There are 2 protein chains.
Amino acid sequence: MHSKLFKHINKNIPHYSILDIQNIQDYFEYKKIKKKEFFLIQGSVCSYGAFVLNGCFRNYIISIEGKEVNTQFSFENWWIGDIGSFVNRTPSKINVQALENAELLTISTKNYAALMERSACFNEYTSKLRSSAHLSAVLRLSDLSENAITQYKMMLEKFPKIEQRISQKHIASFLQITPEALSRLKKQN
Amino acid sequence: MHSKLFKHINKNIPHYSILDIQNIQDYFEYKKIKKKEFFLIQGSVCSYGAFVLNGCFRNYIISIEGKEVNTQFSFENWWIGDIGSFVNRTPSKINVQALENAELLTISTKNYAALMERSACFNEYTSKLRSSAHLSAVLRLSDLSENAITQYKMMLEKFPKIEQRISQKHIASFLQITPEALSRLKKQN
DNA sequence: GAAAACACTTGATCTATGTTAAGAGTTTCG
DNA sequence: CGAAACTCTTAACATAGATCAAGTGTTTTC
């Protein structure tokens, strides 16, 4: 099994033995995706979940007024996709785009369902990931009530290296300010 | 089984027969909670999930700068609690407070685990609810990028009767503006 | 049933961020 | 390799919403 995924599962559910995790690998497929390509486009059904081996992605939503709003960045050792769309086979409302050339371990709906049925360990692992993703989104809702400077500092504390990997334009969209405002804000502080 | 919960399950997973749903009721307990009381306080572990029979609740988070930020309102036929805290027995980061006297069907961690193990139907039902709750939070992230008037109109479209049940102060907190700003905004439009 | 606490409105003023525009530097691509 | 397309910065000006303050009406509480 690819050691990154193995370690990630083990870290999240340490009470399972290595043997339980072992054969999970067979359900995944290795794939590459190039910078700027889309992993998921709104309106389409999410047919794969994917674990990010390296590279990074942005999730974004087109707002009512037509703006692209970045809601999340995903780096190594995180999952991308839209679990609701994936499981229920409904059109997704989010876009997931690679911001760097990336390597993924993907899993199809079919293999996911099979794993969920056979592996208590995978069940628990995905349940944790879902809680954690949901909580992140909810906590971001309250972060957005802070002014831009506070939010910017909080983001840097959480991801100290983010500016080396994500363009200012995309960080600004995440903070829900204009690139101009971010530029000014960085100069001041 | 209380018909409201029954109907809600049936509506979400119509492909299961009535018999599958029938005995789910035994795992729940009826409870009342009064206006202003807390269902969940941040820092404590969420020991019950609950289906709202009637009444309403607000979820809120204390922001870094000490403001209460409402992240969600929950009415009849919705679930309250913090699934991450509930399942992993970790301290919650959110507060859930009743805004009206309310009636609930609660389920303990133990009964939840038992139901999850025995009922494929309950499994699928809760999976759907989780997707839906997560998606709502993510979509709200992009809504917050709109100006206050647009957001206010969107909210009224989604919950036309919200102003009869939720005070302006709490709606303002949800929209992440001050009560004064909301008051002005309503006069204009 | 009166006092206290709270909810909402309105006005004046202030400030953070948006908008528009222009220029310099960097990356992409045929 | 060079043109075109981006990215970031800076400045001037505009504006949505915050803050502070005061007044009225409503609800809660003892």
Side-chain angles (χ1 to χ4, degrees), chain A residues 33-38 55-56 58 60 63-70 73 97-102 141-156 161-189, chain B residues 33-38 55-56 58 60 63-70 73 97-102 141-156 161-189:
Chain A
I33 179 169
K34 286 195 181 142
K35 189 171 172 170
K36 291 194 181 167
E37 284 178 357
F38 284 83
C56 78
R58 68 176 178 126
Y60 72 88
S63 78
I64 290 224
E65 283 169 355
K67 275 178 291 182
E68 290 183 2
V69 182
N70 291 338
F73 299 116
Q97 184 188 30
L99 296 178
E100 297 172 355
N101 293 334
L141 285 176
S142 95
D143 291 351
L144 282 170
S145 78
E146 309 293 351
N147 67 23
I149 297 170
T150 308
Q151 253 204 90
Y152 175 66
K153 286 179 182 165
M154 285 165 58
M155 189 195 66
L156 285 183
K161 291 178 192 156
I162 200 169
E163 297 191 299
Q164 273 94 72
R165 297 186 66 181
I166 309 275
S167 72
Q168 204 159 296
K169 182 181 98 170
H170 283 134
I171 292 177
S173 159
F174 181 77
L175 300 177
Q176 303 197 0
I177 57 177
T178 58
E180 292 90 337
L182 181 52
S183 180
R184 277 184 292 230
L185 188 154
K186 285 169 75 172
K187 202 172 46 161
Q188 289 176 347
N189 289 264
Chain B
I33 180 169
K34 283 195 184 143
K35 190 170 173 171
K36 291 194 183 169
E37 285 179 354
F38 284 83
C56 78
R58 67 176 179 129
Y60 72 89
S63 79
I64 291 223
E65 285 169 353
K67 272 178 293 180
E68 291 184 0
V69 181
N70 291 337
F73 299 116
Q97 184 187 31
L99 297 178
E100 295 172 354
N101 292 334
L141 286 176
S142 96
D143 290 351
L144 282 170
S145 78
E146 309 292 353
N147 66 24
I149 297 170
T150 308
Q151 252 205 91
Y152 174 66
K153 285 180 183 165
M154 284 164 58
M155 190 196 65
L156 284 184
K161 290 177 194 158
I162 200 169
E163 298 192 296
Q164 272 94 73
R165 299 187 64 180
I166 310 275
S167 73
Q168 206 159 295
K169 182 180 102 170
H170 284 134
I171 292 177
S173 160
F174 180 77
L175 299 177
Q176 303 197 0
I177 58 178
T178 58
E180 292 92 331
L182 180 53
S183 179
R184 278 182 207 124
L185 188 155
K186 284 168 75 172
K187 203 173 45 160
Q188 290 176 348
N189 287 263

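All chains are named by letter (A, B, ...) in the order of the sequence lines, taking the proteins before the strands, and each is independently numbered beginning at 1. These numbers were taken from a predicted model, which means no experiment stands behind them.
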Among the candidates D/dA11, D/dG17, D/dT19, find the nucleotide nearest to the side-chain atoms of B/Arg184.
-> D/dT19
How long is the line joining CD of A/Gln164 and C1' of D/dT7, in whole Å?
-> 17 Å
Give a yes or no on whether the backbone of A/Arg58 and the side-chain of A/Gln97 come within a donor-acceptor separation of less than 3.5 Å.
-> no
Would you kindly compare A/Pro179 and B/Asn147 by the position of their nearest DNA chain D nucleotide and give the one closer to the 5′ end?
-> A/Pro179
At their closest point, which heavy atom of A/Leu144 faces which heavy atom of A/Leu175, and how far apart are they?
-> CD2-O, 4.2 Å
Regarding B/Ser173 and B/Glu68, is there a side-chain donor-to-acceptor distance under 3.5 Å anywhere?
-> no
In whole angstrom, give the distance that lies between atom CG of B/Leu182 and atom C1' of D/dT19.
-> 16 Å
Distance, rounded to the nearest Å, where B/Tyr152 contributes OH and D/dG17 contributes P = 14 Å
Between B/Glu180 and A/Ala181, name the one whose nearest nucleotide on DNA chain D is closer to the 5' end.
-> A/Ala181
Nucleotide range of DNA chain C contacted by chain B, 5' to 3', under 4.0 Å to a heavy atom?
-> C/dA7 to C/dA12
Under 3.5 Å, side chain of A/Glu146 to main-chain N/O of A/Gln151, donor-acceptor pair present?
-> no
Could you check whether the rings of A/Phe38 and A/Tyr60 sit parallel, tilted or perpendicular, using 30° and 60° as the cut-offs?
-> perpendicular
Heavy-atom closest pair (B/Lys34 atom, B/Ala98 atom, distance to 0.1 Å) is O-CB, 3.6 Å
Given atom NZ of B/Lys34 and atom P of D/dT28, what is their separation to the nearest angstrom?
-> 14 Å
Spacing of B/Leu144 atom CG relative to D/dG17 atom C1', expressed in whole Å = 15 Å
Nearest-angstrom distance from the residue atom NZ of B/Lys67 to P of D/dA18 | 9 Å
For atom NZ of A/Lys186 and atom P of D/dT7, their distance in whole Å = 14 Å
Using whole Å, report how far CG of B/Leu175 lies from C1' of D/dA16.
-> 14 Å
Which heavy atom in A/Ile162 sits nearest to a heavy atom in A/Met155, and how many Å separate them?
-> CG2-CE, 3.7 Å
Of B/Ser183 and B/Lys36, the one whose closest nucleotide on DNA chain C sits nearer the 5' end is B/Lys36
